[in-house]
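Just follow the structure's listing: the first ligand is 1, and inside any ligand the first atom is 1. Computed from a predicted structure; not experimentally measured. Quick note: residue numbers are just sequence positions, from 1.
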Amino acid sequence: MASRQSKRRPAPVVRTTGRASRGAARPATQSSASPSKAWSGRFDEPVDELVKRFTASVSFDRRLSGADIRGSLAHARMLAAQKIITPKDLAAIERGMASISREIDSGRFEWSLDAEDVHLNIEKRLTALVGDAGKRLHTGRSRNDQVATDVRLYLREEIDAIRAILSTLQASLLDAAGKYSDVVMPGFTHMQVAQPVTFGHHLMAYFEMFERDRERLSDCRGRVNRLPLGAAALAGTTFPIDRERVAKELGFDALCENSLDAVSDRDFAIEFAAAASLVLVHLSRFSEELIIWMSPRYRFITIPDRFCTGSSIMPQKKNPDVPELVRGKSGRVIGHLVALLTLMKGQPLAYNKDNQEDKEPLFDTVDTLRDVLTVFAGMVPGIRPVPERMRAAALEGYATATDLADYLVGKGIAFRDAHEIVALAVREAEKQGCDLAELTLDVLKRFSGKIGADVAGWLTLEGSVARRKHPGGTAPVQVLRAVARGRKRLSQA
Ligand code: ARG
């Protein structure tokens with residue numbers, strides 16, 4: 001039977017473009033026993049064409065076909081083990097599903113709008129291939145617990161793939177941080193030069209953000225990985241099912257404990273979208289910095305030409321399109337989070353068709369996240385600092401003023417008093433148009449007699465970063481330690 005199907009024309013067909021013909025639907029003359037009948041005996045007339053298109057989800061939920069087939073096979077094996085269907089039926093279902101998988105993989109499967117969604121398309125094809133056994137598959141099950149299972153299976157796999165790409169991005173940050181552990185740049189607060197930091201330290205800040213993102217995705221996975229199947233439509237089923245067996249076969253950690261909750265809540269998808277939004281927020285901040293650093297006014301870094309684009313009118317331009325687009329994509333993913341939250345809010349128990357709207361935002365969140373992470377993981381190894389530009393900028397903003405105050409504290413002056421002394425010294429340097437390090441010792445002594453020749457080592461950028469050598473500090477030695485810790489964390493994951 002599969003070969004008959006395979007000889008047909010190859011194109012998968014989903015008619016989604018047909019104009020709705022309200023009132024002009026097919027006359028209700030087809031007998032209720034007709035195999036081509038598109039509506040059940042409960043209805044007097046076929047569904048309106050527009051309604052059919054409006055309610056169908058096959059154009060997008062067919063992406064769940066792999067999960068749907070896996071879920072159905074586990075369900076069928078359980079039904080057979082529980083003697084709810086015969087071993088013969090199970091064999092037929094397994095055979096049919098194997099052909100369907102091949103048809104889908106090769107693009108020969110004919111998706112039909114009449115069958116509404118991925119679940120009914122596959123079930124219909126199964127019945128066409130293996131007859132009555134196909135009709136028995138849905139025993140003790142509903143599309144409500146089926147779809148919730150499929151989405152969880154799909155998402156679990158995607159979370160694993162996304163965590164792996166995140167690790168690659170983190171590994172490239174570790175490499176760069178190790179390489180640039182002692183490159184000094186200005187650290188900013190309020191977008192103003194604040195204190196010197198090392199470029200490696202700055203990059204490691206993003207490593208930390210992505211590490212928390214990876215943790216969040218892992219936490220979320222734990223709640224995604226629970227089995228709804230067995231909840232049936234909403235109340236459970238009268239058949240003697242074995243949910244534990246299905247959970248084990250499908251690799252779920254636990255069962256959804258309440259049937260009403262199992263078919264209705266999509267909090268696991270919302271949680272994923274929230275975790276994804278945070279990844280995008282982090283990437284967006286990183287992008288923003290790359291864009292600023294690349295601008296000719298800063299010129300702190302370069303990124304390879306293959307991640308830039310030119311302007312159609314201004315020949316001199318090299319634009320940071322990749323980071324700009326990633327920054328823009330954050331809006332899209334945050335939008336999906338809001339869409340999912342709004343979709344859930346106000347839904348009474350249990351399943352409602354509203355939930356069909358969970359798929360497109362979820363799928364697009366997954367696709368976008370995978371893309372942006374992949375592109376970033378490719379771009380980070382190409383980021384090159386321009387140390388002399390970073391240094392020049394760090395020297396412009398009295399970045400070592402706090403160091404001078406700390407020095408004075410070391411000489412027995414209370415911090416608040418030291419703060420005031422340095423403020424006056426900064427004013428003087430400003431007046432002279434030079435850095436603190438360029439003020440002569442005599443001038444410095446005017447502000448405090450405690451200042452001696454040993455102050456010089458406190459006013460240099462290198463001295464400043466090297467002294468911040470406690471865990472979490474910007475000193476090159478700590479950056480290297482943080483990189484080593486990061487490598488260990490990544491290898492354990
Ligand atoms: N396509 C549907 C969805 O995504 C499957 C569940 C349909 N259930 C129902 N009772 N109409 O939610």
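- We find the CZ-CZ distance between Arg214 and Arg489 to be 8.5 Å, quoted to the nearest 0.5 Å.
- Remark: minimum distance from atom 8 (N) of ligand 1 to any protein heavy atom is reached at Asn144 OD1, 2.9 Å.
- Heavy atoms of Lys359 come nearer than 4.0 angstrom to ligand 1 in at least one pair.
- With respect to Arg63 and Glu360, no salt bridge is recorded, no charged nitrogen being found less than 4.0 Å from a carboxylate O.
- Remark: Arg212 does not engage Glu215 in a salt bridge, criterion side-chain N to carboxylate O under 4.0 Å.
- For Phe199 and Phe300, the ring centers sit 6.0 Å or farther from each other.
- The pair Arg143-Glu116 counts as a salt bridge, with a side-chain nitrogen and a carboxylate oxygen less than 4.0 angstrom apart.
- Near Ser57, meaning under 4.0 Å from one of its heavy atoms, ligand 1 places the atoms 1 (N).
- Looking at Tyr351 next to ligand 1, an N or O pair under 3.5 Å apart turns up.
- For atom 11 (N) of ligand 1, the nearest non-hydrogen atom of the protein is Arg143 NH2, 3.7 Å.
- With sequence neighbours excluded, the residues satisfying side chain to side chain contact (heavy atoms under 4.5 Å, CB included) with Arg370 are Glu158, Ala161, Ile162, Ile165, Val366.
- Polar contact with ligand 1: present for Gln356 (N/O pair, distance under 3.5 Å).
- Residue Asp117 has at least one heavy-atom neighbour below 4.0 Å for each of these atoms of ligand 1: 1 (N), 2 (C), 5 (C).
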